[in-house]
Amino acid sequence: MNIETARPRLSELTSLRFFAALHVVFFHALAMKVFTGSGWLQKISSIGYVGVSLFFVLSGFILVYTYAGAPILAGGFWRARFARVYPAYLFSLLVGAPFFFYGATHLHIPFFAWASRHMEAASALPLLLLQAWVPQGAMSWNPVAWSLSVEALFYFLFPFLLPALAGLSRRGLFAVAGLCWAISLSITGWYSWRNPDHLSVLGPEQMNSFWLNVMKFFPLMRLPEFILGMATGMIFLKSKSATKIAIPLIAAGLLGGALAAAFSAQIPFALLHTALLAPAFAAIVYGLALQPGGSKFLRWAPLVLLGNASYSLYLLHATIMGMYFFGSSGLRHTGPAGIALAFAIIIGAAILVFKFIEEPARRKLRGRTEMLKPEAAAELAGSTRVAAV
């Protein structure tokens with residue numbers, strides 16, 4: 001049985017997931033040269049990889065919001081997480097299998113270099129959600145799925161991290177969040193300074209540089225972003241509601257993202273890719289969780305649906321985009337109408353997978369969930385601690 005707190009749903013954060021996923025989609029569209037240019041859209045799309053950092057911060061926040069105050073049972077939590085992520089994940093592997101196995105065995109290009117040499121590992125690791133632990137093979141099979149391998153570590157550690165953070169004061173939680181950010185910046189800053197891969201150019205096009213892949217994909221490198229999100233969620237629960245700070249927080253976070261996009265060419269890639277914007281994302285998440293009046297549009301039912309389908313959108317977009325835009329004759333359908341149709345197909349497929357695979361499988365695999373009101377959850381958690389003492 002799973003036990004969660006019955007706190008109000010934060011529809012704003014559900015919709016935020018869609019925009020984070022869409023940012024990643026635009027990044028891959030730019031990388032595949034589906035569109036080009038030098039305007040603001042190109043600038044924003046060029047750092048779309050930071051959308052994954054937003055997912056990591058948001059994941060920590062939402063899990064704390066959902067489970068803090070209730071006695072967390074590790075087995076039930078892990079089962080709930082497996083039911084939530086694995087069915088759609090497995091479906092994405094099945095959809096991408098023909099392209100991956102053909103590419104790894106027939107296309108002699110850098111993207112498939114590691115998989116071509118290590119086919120058994122490239123086939124087995126993604127099925128076990130372990131690919132990110134081998135940085136050179138992190139993008140095997142479904143390239144975007146490396147982040148799910150990282151999330152698997154977060155889910156494993158969450159039942160142990162939550163009680164530790166719950167016992168901290170607000171000041172202690174701010175210190176944890178700051179420390180997490182400092183650790184990430186120190187490591188990525190050191191990499192940018194020392195350049196251990198001896199690269200003349202650092203950027204997303206570098207796919208086979210060992211230490212850069214560690215910076216980008218290795219689960220322990222991304223753990224601070226998740227813990228920062230958890231600390232933000234716990235600060236939110238321990239603070240009095242102050243809607244007046246919501247808009248300033250959101251504005252500050254958006255400004256940080258805009259400045260990062262504007263000056264991305266001057267910011268070391270490893271620093272920007274991994275955790276630089278984590279505090280900005282935490283500010284946006286916290287501000288939206290306060291549900292200010294200006295965020296009401298994010299509660300619009302179609303946007304919430306897109307937010308719910310964002311996980312499938314993230315998992316499927318690269319495969320569908322590759323099949324749609326690349327054929328035996330090369331790049332095609334890149335006119336405005338073709339691009340619009342491609343995005344409609346990708347989003348439509350994500351909604352269908354959410355409705356007919358992701359949600360039914362989650363309900364079947366998860367089992368019964370008991371929802372506790374926050375007051376009752378806090379009381380029960382307190383009585384459990386007294387009994388344990």
Side-chain angles (χ1 to χ4, degrees), residues 24 49 51-53 55-57 59-60 63 74-101 103-105 110-161 184 187 197 204 206-227 229-230 270 273-275 311-312 314-319 357-358 361-362 365-366:
V24 178
Y49 47 79
V52 178
S53 182
F55 278 129
F56 291 160
V57 172
S59 178
L63 288 178
F77 173 78
W78 293 331
R79 178 179 177 179
R81 289 293 91 198
F82 178 85
R84 171 70 180 86
V85 304
Y86 201 79
Y89 173 79
L90 181 60
F91 179 76
S92 77
L93 293 183
L94 294 174
V95 170
F99 176 74
F100 166 69
F101 287 107
T105 54
F111 183 82
F112 291 110
W114 188 89
S116 297
R117 296 194 305 268
H118 305 90
M119 275 302 298
E120 290 185 1
S123 303
L125 291 173
L127 288 170
L128 300 172
L129 285 169
L130 293 174
Q131 66 268 42
W133 292 95
V134 182
Q136 296 295 77
M139 292 197 293
S140 296
W141 204 327
N142 182 353
V144 301
W146 69 267
S147 63
L148 273 297
S149 179
V150 174
E151 286 274 3
L153 172 68
F154 301 165
Y155 297 155
F156 175 75
L157 294 176
F158 181 78
F160 311 107
L161 293 172
S184 290
I187 297 173
D197 291 313
Q206 300 288 348
M207 292 180 287
N208 295 310
S209 302
F210 179 78
W211 289 110
L212 182 58
N213 283 352
V214 170
M215 296 296 104
K216 292 160 62 177
F217 305 131
F218 195 61
L220 292 176
M221 271 301 306
R222 309 310 297 259
L223 182 60
E225 293 157 272
F226 177 72
I227 297 177
M230 287 187 64
H273 185 284
T274 302
Y311 175 56
S312 292
Y314 175 80
L315 286 174
L316 294 170
H317 77 272
T319 300
I357 295 178
E358 190 178 334
R362 182 185 64 84
L365 293 173
R366 186 174 186 179

Trainee: Checking Trp133 now: which residues fulfil ring pair (Phe, Tyr, Trp, His ring centres under 6.0 Å) with it, not counting sequence neighbours?
Mentor: Phe218
Trainee: Mind jotting down which residue pairs meet the salt bridge (Lys or Arg N to Asp or Glu O under 4.0 Å) criterion with at least one end in residues 148-158? Sequence neighbours excluded, please.
Mentor: none
Trainee: Could you tell me if the side chain of Ser53 sits less than 4.5 Å from the side chain of Arg222, heavy atoms only?
Mentor: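 They are in contact (side-chain heavy atoms under 4.5 Å apart), so the answer is yes.
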Trainee: According to side-chain contact (heavy atoms from CB on, under 4.5 Å), who are the partners of Ala104, at least two apart in sequence or on a separate chain?
Mentor: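 Phe100, Phe112, Ala115, Ser116, Met119.
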Trainee: Would you give me the side-chain donor-acceptor pairs under 3.5 Å for residues 89-99, sequence neighbours excluded?
Mentor:
unit_1 : atom_1 : unit_2 : atom_2 : d
Tyr89  : OH     : Pro126 : O      : 2.5
Tyr89  : OH     : Gln131 : NE2    : 3.2
Ser92  : OG     : Tyr89  : O      : 2.6
Ser92  : OG     : Asn142 : ND2    : 3.2

Trainee: Please enumerate all residues that pass side-chain contact (heavy atoms from CB on, under 4.5 Å) together with Ser209, with sequence neighbours excluded.
Mentor: Asp197, Leu199, Gln206, Leu212
Trainee: Looking only at heavy atoms, what is the nearest atom pair of Thr274 and Met215, with distance?
Mentor: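 Shortest heavy-atom contact: OG1-O, 2.9 Å.
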Trainee: Can you list every pair that meets salt bridge (Lys or Arg N to Asp or Glu O under 4.0 Å) and has a residue in residues 83-97, with sequence neighbours left out?
Mentor: Arg84-Glu358
Trainee: Checking Ala361 now: which residues fulfil side-chain contact (heavy atoms from CB on, under 4.5 Å) with it, not counting sequence neighbours?
Mentor: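 If we apply the side-chain contact (heavy atoms from CB on, under 4.5 Å) test to Ala361, skipping adjacent residues, the hits are Pro87.
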Trainee: Which atoms form the tightest heavy-atom contact between Asn208 and Pro110, and what is the distance?
Mentor: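 Closest approach of Asn208 to Pro110, heavy atoms only: ND2-O, 3.1 Å.
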Trainee: Is there a side-chain contact between Val144 and His317, using heavy atoms and a 4.5 Å cut-off?
Mentor: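 A side-chain contact exists here, since the closest heavy-atom pair is under 4.5 Å.
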Trainee: Mind checking salt bridge (charged side-chain N to carboxylate O under 4.0 Å, His left out) for Arg81 and listing every partner two or more places apart, or none if nothing turns up?
Mentor: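 Scan of Arg81 (salt bridge (charged side-chain N to carboxylate O under 4.0 Å, His left out), adjacent residues dropped) gives none.
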Trainee: Using ring pair (Phe, Tyr, Trp, His ring centres under 6.0 Å) as the criterion, list what pairs up with His273, not counting sequence neighbours.
Mentor: Tyr49, Phe269
Trainee: Take a 6.0 Å sphere around OH of Tyr86 and say whether it holds more than 12 heavy atoms from other residues, nucleotides or ligands.
Mentor: yes
Trainee: How far apart are the C-alpha atoms of Trp141 and Leu125, what are their side-chain angles, what is the distance that settles it, and do they pass the side chain to side chain contact (heavy atoms under 4.5 Å, CB included) test?
Mentor: CA-CA 9 Å; Trp141 204 327; Leu125 291 173; over 6 Å; no
Trainee: Please identify each residue that fulfils ring pair (Phe, Tyr, Trp, His ring centres under 6.0 Å) with Trp146, with sequence neighbours left out.
Mentor: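 By the ring pair (Phe, Tyr, Trp, His ring centres under 6.0 Å) rule, Trp146 matches Phe217.
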Trainee: Tell me, please, which residues at least two apart from Val85 pass side-chain contact (heavy atoms from CB on, under 4.5 Å).
Mentor: Leu148, Tyr155, Tyr311
Trainee: What residues, two or more places apart in sequence or in another chain, satisfy ring pair (Phe, Tyr, Trp, His ring centres under 6.0 Å) together with Phe111?
Mentor: none
Trainee: Locate the shortest heavy-atom distance separating Ala132 from Val150; write the atom from each residue and the value.
Mentor: CB-CG2, 3.9 Å
Trainee: Below 4.5 Å, heavy atoms only, C-beta onward: do Phe154 and Met230 meet side chain to side chain?
Mentor: no
